[in-house]
Amino acid sequence: MKTVYGPVPSWRFGRSLGIDPVCRLKEKVCSYDCIYCQLGKTRHKIIRRRKFIDASKVEKDLKQALKNAKADIITISGSSEPTLASNLGEIIKRIRKASDLPVAILTNASLFHIKEVRKELSGLDIVAAKLDAPDAELFRKINYPHKSITFRRLFNGIMKFRKEYKGKLALQMMFTKHNAGHAKQMAEIARKIKPDEIQLNTPLRPSPVKPLSRPEMEKIKKEFRGLNVVSVYDARKVEVLVLDLHETEARRPEK
Ligand code: SF4
């Protein structure tokens with residue numbers, strides 16, 4: 001299995017070459033089991049970090065992919081929560097060694113309370129941290145987190161990271177019928193965190209949960225007035241030439 005996939009057309013980042021530091025396609029591991037996850041149910045809900053793949057393999061696969069790929073950015077994401085990889089710091093170093101492209105990560109932020117994780121992410125250009133709920137109850141109903149992750153711990157972790165991190169911090173918020181009525185509270189919490197950008201999303205790609213309509217998302221967007229917001233419905237379409245369809249569809253299933 002390759003550790004690099006895509007490039008994929010990312011509505012937030014353009015042509016994005018993906019890195020998967022976990023590579024568990026058949027038995028998804030994650031610290032969450034989000035109701036809308038496009039990768040299916042979490043088979044193993046874990047919180048303890050461990051090494052899944054060698055960092056040297058990422059460097060080798062990336063060098064190979066960059067011979068042919070046309071990409072604007074490298075995004076660490078893939079088949080699970082990437083911060084669960086205990087060698088993420090080493091993987092980031094290897095990515096930097098192999099390429100001058102900007103590097104981003106899509107993370108659920110569940111491990112931001114760990115100093116080492118925050119330190120590892122500090123070297124990235126963009127960190128997009130997931131936050132789908134404004135309180136503990138909705139957090140449990142939407143993200144089904146590992147029992148040791150409380151909403152308070154998650155929020156405090158993101159706040160700590162905000163204070164330390166010098167790059168671009170984006171908050172990725174997935175809206176469905178479950179939290180659509182809580183947009184005002186979501187905007188309030190975003191104002192406390194002060195991210196550089198807020199990415200308003202709804203599951204337009206295959207998902208067990210239906211997406212909200214454009215007018216519903218427009219209504220939500222209004223609650224974020226005065227903040228720097230991008231919405232999935234407003235995003236420009238990006239053309240990409242995928243290198244390996246099988247490796248890519250395993251992480252980004254299309255309809
Ligand atoms: S955090 Fe991401 S990979 Fe994990 S269950 Fe949620 S959407 Fe899926």
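All ligand and atom numbering here is 1-based and tracks the order in the structure.
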Where the side chain of Q172 meets the backbone of T107, is there a donor-acceptor pair that is under 3.5 Å apart? yes
Here's a test for you: under ring pair (Phe, Tyr, Trp, His ring centres under 6.0 Å), which of Y144, Y32, F155 qualifies with F139? Y32
Spell out, as yes or no, whether a donor-acceptor pair under 3.5 Å connects the side chain of S86 to the backbone of K51. yes
Nearest protein heavy atom to atom 2 (Fe) of ligand 1, by residue and atom, and its distance? K130 CE, 4.1 Å
Salt bridge (Lys or Arg N to Asp or Glu O under 4.0 Å) contacts in which one or both residues fall within residues 84-93, not counting sequence neighbours: E90-R94
For residues Y165 and F112, establish whether the separation of their ring centroids is below 6.0 Å. no
Does any N or O in the side chain of D54 come within less than 3.5 Å of the main-chain N or O of K57, such that one atom is a donor and the other an acceptor? no
With atom 8 (Fe) of ligand 1 as the centre, enumerate protein N/O/S atoms below 2.8 Å in chain and residue order. C37 SG
